[in-house]
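Chain letters run A, B, ... following the sequence lines, proteins first, then strands; residues in each count from 1. The structure displayed is predicted, hence computed values, not measured ones. As a basis for the values below, the full set of heavy atoms in this structure was taken, side chains included, without hydrogen atoms, waters or symmetry mates.
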Amino acid sequence: MEKAKISAIQLFALMFIFDLGTALIVSYGVTAGKDDWLSILLGMSGGIILFFIYYPVYRKYPDLPLTSYIGEIFGKYIGWIFGFLYCISFLYIAARNVRDFGDLLSSSTLTETPLLVIHTSFVLVICYVLYQGIEVLGRTAEIFLFVLILLGIIGNFFVLVSGDITFQQIRPPLEHGWGPIITTAFPTITTFPFGEMFAFMMLMPYLNKTKLVKKTWLSALICSGLILSWTAFLNMTVLGLDVMERSTFPTLATIGKVSLFDFIERLDAIVVLTLLLTVFFKAAIFLYSAVIGIVDLFKLKNHQQIILPVGIILIFTSMTIASSFSEHLEEGFDASIKFVHIPFFIIIPFLMLVISFIRNYIKKRSNAK
Amino acid sequence: MKTKSLRKTKRTQISTTHKDVNHQALYISTKLQENIQNITKSLGQSPDIIVRECRLGRQNQIQAAIIYTTGLADTKLVNKFIIEPLLTNHQNDFFEIQSKHEDSLHVIKQLLLPVGGIQETMNFDTVLTKILSGDTVLLCQGYDRCLLIASKGWKQRGIEEPTSQTVIRGPKEGFTENIATNIAMIRRKIKDSNLWLESFQVGRVTKTSVSIMYVNGIAKEKVVNEVRDRIKRIDIDGILESGYIEELIQDKTFTLFPTIYNTERPDVIAGGLLEGRVAILVDGTPFVLLVPAIFTQFFQSAEDYYQRSDISTLLRVLRYFSLIISMLGPAFYIAITTFHQDMLPPQLLISLSAQREGIPFPAFVEAFLMELTFELLREAGTRLPRAVGQTISIVGALVIGQAAIQAGIVSPAMVIVVSITAIASFTIPSYNMAIAFRILRFAMMTLAASFGLFGIVAGFILHIQNVCHLHSFGVPYMYPFGPNNTEDKKDTLYLRVPWWKMTKRPKTASEKNVIRENGTSVSKPEPEGSG
């Protein structure tokens, strides 16, 4: 554990960027058809429900990271194993993020560069930031929040004035009823951008005002949810369902369609930049959570000594989790959600909530006697 | 980090006591001749040390000697106000009193010498130092004390317009090499009893006087104490410029970015003091340091506060853009021409590639060559004697201009990029910050040549987080942005709100007494016709 503190605004910036990471760019939720924006909103409300599963447990241990209080809840040994599994899952998701980014880059701009080189340079930058600690990460996020908002305004402005938007594309709403929307929202979208915020449970002890957790978490969640839904809406109106189903990076395609006065075109850089910044923070937070989890579980002195080794593991994991990009995406929609997101971000937290309630109840009764 | 070097110097401080080395006397003896001999011997019989022996008193009963250094002491002052009163007051009764009080030094000090600053000392080392800093020493037979009479007065440069930070509107006076003049210039701007001054002597050999100035009650006590401690911990043989102090007390040595602000302008220092910062003045240099310094400070010109706020804001935005250009200009050019040609509109792309038709180098080498040439020209321009300075501009215009293009070595577009970058880098008001971005530019170019835009952004993230982790005397370097403070953003990188809106002092340096002005007392004329 570092002796660092981050402010609520910094935490907000980290959470906000974290939620937008990859989700803003990659395709998800197309199973809901034309109404994916609606299912993202539903998924966001699912994220709010998840928060109220995490929050009561956190309130009991506001000064401990997840890997410490999981031991208090499940008992020393089972808790340790669960904590370790969490570290691995954080590392796995960090690797997925790095891979998402690397694939976007190698398919859009750096076609000749080997994936390993992109991953290595990207992970090294992350490692350097984490070496400086969470405080620096928080401050950097604060500064880049403005850059991101600026990029968002520019991107939205150009898409809106380009005249590519056809509202016919999203009509009729609820074409196939509520069924596909709800099955997409729960559990896929609930877990993919929003449930992943569980990683912040590792960072909570660094917040300087514990009272502000609820406000910060929910405002970051709602802001990012609205932006994601709006982006999905824009993508659908510009591209149409047909293209959306086939494209892996719909936002990139949307921006790519912008052409004004034969001069302002090929604005892909905005999207690549957004993805780079958001994924940078997302992967950094996951890696950091994994690293301080390992430090906590193995009782190491500081996190700096294991950042580089874990970073190298991250590079190799990101290279080996899939042999091709399509396989990587396939895994993301199927195995990753089923075996990582749902158990780790819904089932175990729920178990923790139940067990801590039971423990509390028993304690109260024994106290009453 | 910094404590490591200081700890090392501290150890030497304990082991070396200067006096032991030269086998000097520790204290003044009662014998006049011995004292004179000691002094002249210690100073190596240097001929510029004047020893004027004389006899005082009605019966000429007191043997005395006046010692000073020609050139350092004001000879007129010594003759008229020290020697003359001593010798011409023979017939008076002054020395009669001596028999009663038995202390003629006291009498001389109290009744005879019409000079302001007189001290007494017994310490031999102090005597030497004072002689060498221009004061006059009066020794008397039979006393183990002596008088130190302030008589500093040497030729010095007058107050001139500062050359490093010029303004269109604002005071045109700059600091000089004399610390006393500099202090007076600051005091003339802030006539408050809370403007406090502390003096130190730094440098074992040079014995340079270093002063810190702050407004008591506005400056954070923690910062003042930290500055004082860090200066006291310095142990070095010589301080010749404030740059020595800067490097010895800064928070982190190995960073491109300056964490201590320096300026030649008294108005900037006065402004900083009012914000709660601490000024460090060093004798012998017109450059005064200001701490704590944050990133945005280096992009502010004194003039921003004298022009109207909207104009200043625009100028700051302009500087902000020029900062980005000077760091990323050539990098973007390289990235776009090597990796992202598709980002350009077709016509521009055609014209660019037509220009690059016969160029034998890749864009990176081309850009690197030109940037290097420009840096060479700039360095030569600053080092050349004034008389030959003209040649540089002619050669420069030829080298990075027409000739290079006609020779087919670089493309015209490259020349434009390099020139714009060069001009942009000159708009950064602070020279040492501009240097940081000059160096970063080359790193960014390399990154752009290997990874395109991705490299630039990765480098940019690294750069931002690097400045985010710097501190200047406990204040985060990127202060109003990371950590965020909306109130203090009113006067930052791109914004300067009107004075009547900046009612509070920045939290950077002041914690108590933060109200700068009473918001209600803004004097605005009644709109016409309302009365």
Report task. Please flag which part of B/H463 lies under 4.5 Å from any non-hydrogen atom of chain A: side chain, backbone, both or neither. Result ->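 For B/H463, neither part sits under 4.5 Å from chain A.
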Report task. Flag the one option from A/L105, A/T113, A/L145, A/I6 with the top tally of heavy-atom pairs under 4.5 Å to chain B. Result ->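 If we count pairs closer than 4.5 Å to chain B, A/L105 comes out on top.
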| query | With chain B, which of A/V272, A/L137, A/V125 has the greatest number of heavy-atom pairs at distances under 4.5 Å? | reply |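 Looking at each of A/V272, A/L137, A/V125 in turn, A/V125 comes out on top.
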Interatomic distance, [X] atom [atom1] to [Y] atom [atom2] [nearest 0.5 angstrom]:
X: A/L273; Y: B/I456; atom1: CG; atom2: CD1; result: 10.0 Å
X: B/H469; Y: A/E135; atom1: NE2; atom2: CD; result: 11.5 Å
X: B/Q465; Y: A/I126; atom1: CD; atom2: CD1; result: 11.5 Å
X: A/R139; Y: B/I464; atom1: CZ; atom2: CD1; result: 13.0 Å

**Prompt:** For B/E247, does the CD atom sit with more than 12 other heavy atoms under 6.0 Å from it, leaving out its own atoms?
**Reply:**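 No, because the 6.0 Å sphere around CD of B/E247 holds 12 heavy atoms or fewer from other groups.
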Which atoms of [X] approach chain B - backbone, side chain, both or neither, heavy atom under 4.5 Å:
X: A/I118; value: both
X: A/V129; value: both
X: A/F144; value: side chain

**Prompt:** Looking only at heavy atoms, what is the nearest atom pair of A/L276 and B/A458, with distance?
**Reply:**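 Heavy-atom minimum between the residues: CD2-N, 4.5 Å.
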Near-ring test A/F101/B/F454, centroid separation under 6.0 angstrom =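 Yes: the rings meet the under 6.0 Å criterion.
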Which residue out of B/I461, B/V467, B/N466 racks up the most heavy-atom pairs below 4.5 Å with chain A?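 Highest number of heavy-atom pairs under 4.5 Å: B/I461.
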